[in-house]
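Nothing fancy with the numbering, it's 1 onward along the sequence. Quick caveat, the model's predicted, so the values are computed rather than measured. Hydrogens, waters and symmetry mates are skipped; everything else that's a heavy atom, side chains included, is used.
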Amino acid sequence: MIEANLTDSGILKLKNMVVETDALDDIRPDYEATLEICSKDEPFSVSVACIVKPGPLKCVVEKDAQALENLLPDSTVENFILEMFDEYNNHVAEGTNVPICTSGLFIQDRMCLDLKVDSDGCIDLSGILKVTAGYGKPVSLSIMSGKEEIFKRESLVEIRELRLLTELPEYCTAGTNLTNLKFKVTDSYGIMDTSINNDDKSECFHTLSIESDSCSVDSTTRYAFVHGSCKITSLSLPETEGAFSFKVFHSRHPELHMNLKIQLTPAQTFERDEIRCYEPNPRIYLTPLSKMGSTTNPLVVPTQQTPSSEFLTQQTPPSQFRVLSIRDMSSAINSQTDPVDMAQFSEYTEILKAKLNSYTERISEANECLKCLEAEQEEAVQELSALQASLEPHGVSFPECLSNKESMMKHIEENHHNTAASVFCSLYRNAPASKSMLLSKEGVFGIVALLGSVASTPLSRVLSEYLGEDTMLALVCKSSRLGPNIDPMLQAEAARLERSITSRFHVLCLGATSPWTGGIVENDPQRKLAMDDPKLPDGDPIPGFIGYAVNMINLAEEELNIKTYEGHGLRETLFYDVFGKLQVYETQTQAKEALEHISGDGAVSLDGFIAKGNKFICSRKPEIHFPITVRENEEEKWSNLEEARNRVRRVEKKIVKARCLLSKLEKKMNKANERSDSATKLSLES
């Protein structure tokens with residue numbers, strides 16, 4: 001439609017001219033054309049140079065319809081090119097922003113929700129679209145035009161199954177080991193997937209984990225898959241009889257799992273309370289020893305063979321038969337009327353002596369083991385302290401705050417299991433190697449504690465305590481319109497990870513904040529806010545002032561690129577919103593003196609003083625804190641630090657188990673001593 005108006009001065013004005021054509025691809029990329037205006041009545045024409053651009057995006061077409069088939073977790077999609085057309089079947093103009101939403105997929109190296117159309121009128125996702133969903137899980141990619149969804153492509157990740165190759169025994173003795181458990185991963189046809197192969201060098205991690213309520217199972221140990229199969233050489237079983245359940249699962253893909261169960265029977269040793277069945281009593285009479293059954297096992301007094309006992313021998317597990325035979329023997333002894341058989345009593349006392357000697361030896365071994373573990377612990381702690389000191393001068397003073405982003409994220413994931421922050425960390429750990437802090441499919445940038453770092457542990461400690469744990473674990477998203485959708489999205493991801501979010505969580509929306517409008521420091525790579533230093537009434541600087549908290553957060557390159565729709569960065573929105581004009585001082589004395597001359601958001605000091613508004617907060621050791629900025633030459637030290645921490649944790653767990661074992665042995669030793677004393681007393685009375 002064209003609106004044409006001829007003015008009094010003879011000027012022709014054209015408005016709202018729409019050109020309907022499917023041939024604009026022929027004049028790409030400049031879209032230069034000529035408009036020719038002709039008169040009907042007179043042979044008059046005018047040619048005007050113009051530009052005819054394509055219309056808005058209306059249609060999306062896949063070049064390869066098979067590109068999203070045969071997907072595997074962590075794989076990159078190839079040959080996935082989307083052509084963008086307007087209403088008239090022209091490719092849309094180069095540089096057109098196209099909002100893409102993904103589920104179970106991740107667009108690598110992108111820090112915004114929109115992608116731009118290339119010079120061919122396409123968006124090429126080949127090599128940058130990575131699968132983050134697990135085996136057998138759905139994935140999808142959709143494109144919006146305004147509020148209308150004009151394209152959606154759905155698919156399923158290939159199905160895999162974890163299977164047990166070896167036969168699991170129905171019964172096992174408590175306190176022993178299961179050996180040589182073999183597992184394999186198969187496809188939907190039962191064929192082993194040999195591509196499941198752990199390779200640390202290529203960062204292709206395929207390991208098996210074990211989870212159980214029993215302290216005998218080390219959940220930190222990982223077992224590597226080798227071309228589709230995995231072998232657990234030895235698995236320690238609990239010392240308590242009864243049903244023992246444990247779960248084995250792929251460490252990165254928990255949908256590959258098996259729940260196993262085995263019945264534990266009592267250990268065949270002389271350490272149970274059934275020993276009391278052997279205790280002689282002056283009023284108990286025994287049959288002559290010659291009339292008893294065979295005593296080939298000195299720890300078990302067999303009963304006379306009867307049809308019922310033969311049945312038990314055939315049908316009952318060995319350890320259970322032993323318990324029953326002892327109790328049957330106790331009943332048989334009580335039914336006799338002959339005098340006490342002193343040979344039997346002598347045998348009983350010899351057994352007690354042997355058991356006491358055994359306990360003494362085992363307690364000695366347990367003490368030696370505990371001493372070795374305590375020495376190893378001391379060595380590990382010293383190594384950890386040395387690494388902390390080498391990384392930062394203040395690291396020894398506040399070692400609990402000396403963490404990088406990786407270790408802090410792992411801590412959140414493991415110790416805040418049923419929180420939104422933990423689920424986010426699990427999703428992040430499955431992100432591509434670029435480790436972008438953006439879940440682009442929903443516009444969630446990360447957690448406050450992980451968006452930025454600080455220069456020292458004292459600063460990390462005091463700023464983290466100032467904000468509090470709820471704020472530190474709050475999720476940060478781009479727009480308030482995403483806020484209501486975050487909870488169902490995270491709940492769905494938690495369900496996929498076989499977890500649940502049971503605690504409340506905060507969501508901070510950058511678009512809903514009142515951003516800083518006072519300008520940015522010129523030529524500052526960190527884009528710090530242009531804030532004037534505080535002054536005394538006479539105009540002199542306030543002693544001890546280090547800086548404003550909002551400017552003391554170091555942002556990585558990908559974090560500096562995070563913007564709101566209005567173009568404001570994290571520092572102007574998120575950190576200005578939570579810190580305001582909070583001032584940081586060297587010491588508590590300086591911060592208190594400064595409060596007389598400042599107002600607003602208060603002050604903190606590196607030695608732990610916190611004044612927030614009209615309140616004073618007692619500083620403690622925050623569990624969730626800002627990571628420390630990793631310098632270029634310290635990556636290896638940080639890796640060694642994390643390994644040292646893991647070593648300390650492993651030794652601490654072993655010490656707990658060793659002390660538990662020693663305590664049990666000492667209790668059993670005390671009981672055996674009591675029985676020995678009773679037997680000695682009985683012998684003297686006889």
Side-chain angles (χ1 to χ4, degrees), residues 171-178 212-219 234-246 262-281 284 297-301 317-330 333 344-377 650-685:
Y171 294 99
C172 272
T173 304
T176 59
N177 291 341
L178 275 176
S212 172
D213 293 335
S214 172
C215 63
S216 67
V217 176
D218 184 5
S219 60
S234 180
L235 176 64
S236 299
L237 298 175
E239 297 184 359
T240 306
E241 62 183 284
F244 168 57
S245 301
F246 62 100
I262 189 170
Q263 191 70 27
L264 301 183
T265 58
Q268 297 186 32
T269 65
F270 199 62
E271 299 174 8
R272 294 177 53 83
D273 288 340
E274 293 91 275
I275 191 171
R276 293 175 182 171
C277 299
Y278 288 87
E279 293 183 8
N281 187 292
I284 293 179
N297 184 352
L299 300 183
V300 180
V301 181
S319 58
Q320 294 185 18
F321 170 68
R322 172 190 168 273
V323 175
L324 287 172
S325 64
I326 289 174
R327 292 175 179 171
D328 291 345
M329 184 59 198
S330 177
I333 291 173
Q344 184 72 19
F345 179 80
S346 176
E347 182 182 359
Y348 168 74
T349 56
E350 288 299 321
I351 292 173
L352 274 179
K353 289 179 182 179
K355 188 51 60 180
L356 284 172
N357 291 334
S358 174
Y359 282 141
T360 301
E361 183 178 345
R362 292 176 64 188
I363 288 174
S364 176
E365 292 175 353
N367 275 315
E368 287 298 321
C369 178
L370 186 58
K371 288 179 181 179
C372 292
L373 288 173
E374 288 172 343
E376 184 180 352
Q377 181 188 40
R650 288 195 297 267
V651 174
E652 286 174 347
K653 288 182 179 180
K654 290 180 181 179
I655 287 177
V656 169
K657 291 182 180 180
R659 286 175 176 165
C660 180
L661 174 61
L662 182 60
S663 177
K664 289 180 179 179
L665 289 173
E666 288 174 343
K667 288 179 180 179
K668 292 175 180 179
M669 179 75 169
N670 291 335
K671 288 182 180 180
N673 274 322
E674 290 174 1
R675 292 167 186 146
S676 178
D677 291 342
S678 299
T680 302
K681 182 178 179 181
L682 179 62
S683 176
L684 293 174
E685 289 177 354

Applying side chain to side chain donor-acceptor pair (under 3.5 Å), name anything that partners E376, two or more places apart in sequence or on another chain. none
Is a side-chain donor or acceptor of T360 paired with a backbone partner of L356 at a separation under 3.5 angstrom? yes
Pair F246-D213, side chain to side chain contact (heavy atoms under 4.5 Å, CB included): steps then yes or no: CA-CA 8 Å; F246 62 100; D213 293 335; over 6 Å; no
Within this structure, what is the NZ-CZ distance for the pair K668 and R362, rounded to the nearest 0.5 Å? 6.5 Å
For S245 and S212, work out which heavy atoms get closest and say how close. O-OG, 3.4 Å
For the atom pair NZ (K657) and CG (L661), what is the distance rounded to the nearest 0.5 Å? 11.5 Å
Over all atoms of both residues, closest heavy-atom pair of A658 and L373: CB-CD1, 3.9 Å
Set of salt bridge (Lys or Arg N to Asp or Glu O under 4.0 Å) partners for K653, sequence neighbours left out: none
The side chain to side chain contact (heavy atoms under 4.5 Å, CB included) partner of T173 among L237, L264, T265 is T265
Across all chains, not counting sequence neighbours, the side-chain contact (heavy atoms from CB on, under 4.5 Å) partners of Q377 are V381, V651, E652, I655
E241 to A174 - nearest heavy-atom pair and separation: N-CB, 4.2 Å
Rounded at 0.5 Å granularity, tell me how far CD in E374 sits from SG in C372. 9.5 Å
Taken to the nearest 0.5 Å, the spacing of Y359 OH from K671 NZ works out to 9.0 Å
Distance col, row E361:CD vs E365:CD, nearest 0.5 angstrom, shows 5.0 Å
